[in-house]
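Please read the structure below before turning to the comments.
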Amino acid sequence: MKAVIRARAIELGFDACRFTAATPPAGAAHLEAWLAAGHHGEMAWMARTAARRADPRQVLPDARSVICLAASYHLSPAAGDAPPAQPPVEDWRPFRPVGEGGGLPAAASARGRGVVARYARFADYHEVLAAPLRALTEFVNHLGGPGTRSLGYVDTGPVLERELAQRAGLGFIGKHTNLIHRGLGNWFFLAEILTTLELDPDPPEPNRCGTCTRCLTACPTGALPAPFVLDARRCISYLTIELKGPIPVELRPALGTRIFGCDDCLEVCPWNRFARAGRLMRAHARPDLTAPELMVLLDLDEAGFRARFAGTPLARAKRRGLLRNVCVALGNAGDPRALPALERAAAAPEPLIAEHARWAIHRLTRAPAEQTPA
């Protein structure tokens, strides 16, 4: 039965499919400590759903199994080629630099361009993956027969999906707290199906980080104070997406020209050299989101914002949040040609945008002696 489900998952476009029991993951205890430390910041919904996250059976009563799925969003130029050979299982210490290089896209290194996290340069993955996940969920119910109940999620349900995926052998949680797949690197989405169907669990994936700490040192804001610990309050992805109020002034220079998310800790992972391109997301790529012009974004009104970003992850930030981020990016970009646009933003009726615009103006016009690297 597992082989049939896995084959159907691959047929629907998923890149990997593994199975685990619907029992509480070991990471539940870590979640409790993480929340107690306040590392979730303003994401109060994580605390509200903590008990359900700790036990999949509180989400779907009588659940016996979890089907864990991965869908790559890697856009390799050699997408049709066979993936490079992986190292032997025991050969995980002598890492080499990432073959394709890390850092920001070349186009985004120029002044006036913003940086968007890789996963967000597509149509909204929640919507893209919904149809194949629904089809697979219905397939599982049909396969299990009368009385089988299943529930699918794409990064929306109260489940500890990374911990379940690691236990299913889909990958291992790296020191940056993200899941790493030996054939997909860091570049994939997770989905899962909780089901009352009894399926034999697959063996878990052991951690393969070795002594590597590149992700810890790559973080611009020190959001990874220790291996496997993320302080979301300092994470650029949190600051540019989840945080609804002002970005802490002391962290603004470290954002550089990032306006939605951050890939720095993912980019430097050596396992990316084995990443192969996915299939589901390729047709939904949005090249216009790779390095958008900041001053163009700053002049968007509400209707313009909706027209440009509807159906993409960037819509989640809402106009006030994205323009807040754009102001910070323009202040860090160091181009005085942005001053007229920033002055218009500083007079905007939205206080959040106006305050960040004033900060950017000060950063662009202060004396050379005050300048510090972005």
Side-chain angles (χ1 to χ4, degrees), residues 1-2 5-6 9 14 16-41 43-71 126 129 133 136-137 140-141 143-144 147-182 186 188-209 224 226-232 235 238 242:
M1 190 174 291
K2 285 171 55 180
I5 295 173
R6 183 176 285 116
F14 291 101
C17 174
R18 304 277 292 188
F19 304 85
T20 190
T23 53
H30 299 298
L31 173 64
E32 185 177 342
W34 187 75
L35 291 169
H39 286 162
H40 59 303
M43 296 183 289
W45 46 270
M46 298 198 72
R48 287 197 303 269
T49 59
R52 299 177 70 197
R53 292 175 186 275
D55 188 351
R57 294 166 300 190
Q58 291 195 33
V59 180
L60 178 66
D62 301 322
R64 289 182 171 83
S65 307
V66 182
I67 303 168
C68 299
L69 304 153
H126 300 93
L129 300 183
L133 182 65
L136 185 60
T137 302
V140 170
N141 285 340
L143 200 63
T148 302
R149 291 178 295 118
S150 304
L151 186 61
Y153 287 121
V154 181
D155 191 30
T156 54
V159 292
L160 294 178
E161 57 182 8
R162 286 172 298 182
E163 287 79 0
L164 291 169
Q166 176 168 291
R167 195 172 68 188
L170 193 62
F172 60 94
I173 298 175
K175 292 176 183 176
H176 51 23
T177 75
N178 290 284
L179 200 72
I180 303 170
H181 186 285
R182 287 191 290 150
N186 290 259
F188 60 96
F189 299 117
L190 288 174
E192 54 280 329
I193 298 173
L194 281 61
T195 179
T196 57
L197 193 59
E198 187 82 52
L199 300 164
D200 291 336
D202 289 323
E205 177 82 353
N207 184 275
R208 302 183 188 279
C209 287
L224 296 165
F228 312 108
V229 177
L230 170 68
D231 186 346
C235 176
Y238 169 84
E242 301 293 347

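These numbers come from the heavy atoms of this one structure, side chains and all, not from hydrogens, waters or symmetry mates. Nothing here was measured: the structure is a model prediction, and the numbers come from that model.
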### Message
Give me the atom names and distance for the closest heavy-atom approach of L197 to G144.
### Response
CD1-CA, 3.7 Å

### Query
Are any of the side-chain heavy atoms of T148 and T195 separated by less than 4.5 Å?
yes

### Message
Return the CZ to CD1 distance between R208 and I173, rounded to the nearest 0.5 Å.
### Response
14.5 Å

### Task
Please determine if D62 and R57 form a salt bridge, counting it only when a charged side-chain N lies under 4.0 Å from a carboxylate O.
no

### Query
For H176 and N186, does a side-chain donor sit closer than 3.5 Å to a side-chain acceptor?
yes

### Task
State, to 0.1 Å, how close F14 and L69 come at their nearest heavy-atom pair, and which atoms those are.
CD2-CB, 3.9 Å

### Query
Do the side chains of T156 and H126 get nearer than 4.5 Å, heavy atoms only?
yes

### Query
Do you know which two heavy atoms are closest between C68 and A168, and how far apart they sit?
SG-CB, 3.9 Å

### Message
How close do L170 and A16 get, counting heavy atoms only, and between which atoms?
### Response
CD1-CB, 3.5 Å

#### Entry: Closest non-hydrogen atom pair, A9 against C17
CB-CB, 3.9 Å

### Task
Please assess R18 against E205 for the test side-chain contact (heavy atoms from CB on, under 4.5 Å), listing each intermediate value before the final yes or no.
CA-CA 11 Å; R18 304 277 292 188; E205 177 82 353; 6.0 Å; no

#### Entry: Contact check, side chains of F172 and C209, non-hydrogen atoms, under 4.5 Å
yes

### Task
Would you check if I67 and T20 make a side-chain contact, meaning some heavy-atom pair closer than 4.5 Å?
no

### Message
Evaluate N141 against S150 for side-chain hydrogen bond (donor to acceptor under 3.5 Å, both in side chains), listing each step before the verdict.
### Response
CA-CA 6 Å; N141 285 340; S150 304; 2.7 Å; yes

### Task
Decide yes or no on side-chain contact (heavy atoms from CB on, under 4.5 Å) for F19 and D200, but give the supporting numbers first.
CA-CA 7 Å; F19 304 85; D200 291 336; over 6 Å; no

### Message
Nearest 0.5 angstrom please: T23 OG1 to R64 CZ, how far?
### Response
13.0 Å

### Task
Let me know which of L151, L194, D55 forms a side-chain contact (heavy atoms from CB on, under 4.5 Å) with V159.
L194

### Query
Do K2 and S65 come close enough that some side-chain heavy atom pair is under 4.5 Å?
no

### Message
Less than 4.0 angstrom from a charged side-chain N to a carboxylate O is my criterion; do D202 and R167 meet it?
### Response
no

### Query
Is there side-chain contact between V229 and L224, with at least one heavy-atom pair below 4.5 Å?
no

### Message
I need the Y238 OH to L230 CG distance, nearest 0.5 Å.
### Response
11.0 Å

### Message
Nearest 0.5 angstrom please: F228 CZ to N207 CG, how far?
### Response
4.0 Å

### Any side-chain heavy-atom pair of D155 and L190 under 4.5 Å
no

### Message
Would I193 and V66 count as a side-chain contact (heavy atoms from CB on, under 4.5 Å) here? Give the steps.
### Response
CA-CA 6 Å; I193 298 173; V66 182; over 6 Å; no

### Query
Shortest non-hydrogen contact from L164 to A21?
CD2-O, 4.4 Å

### Task
Hey, could you give me the CD/CG distance between E161 and L179, rounded to the nearest 0.5 Å?
9.0 Å

### Separation between CG of L143 and CG of L136, rounded to the nearest 0.5 Å
10.0 Å

### Task
Using a 4.5 Å cut-off on heavy atoms from C-beta on, say whether the side chain of Y153 contacts that of V59.
yes

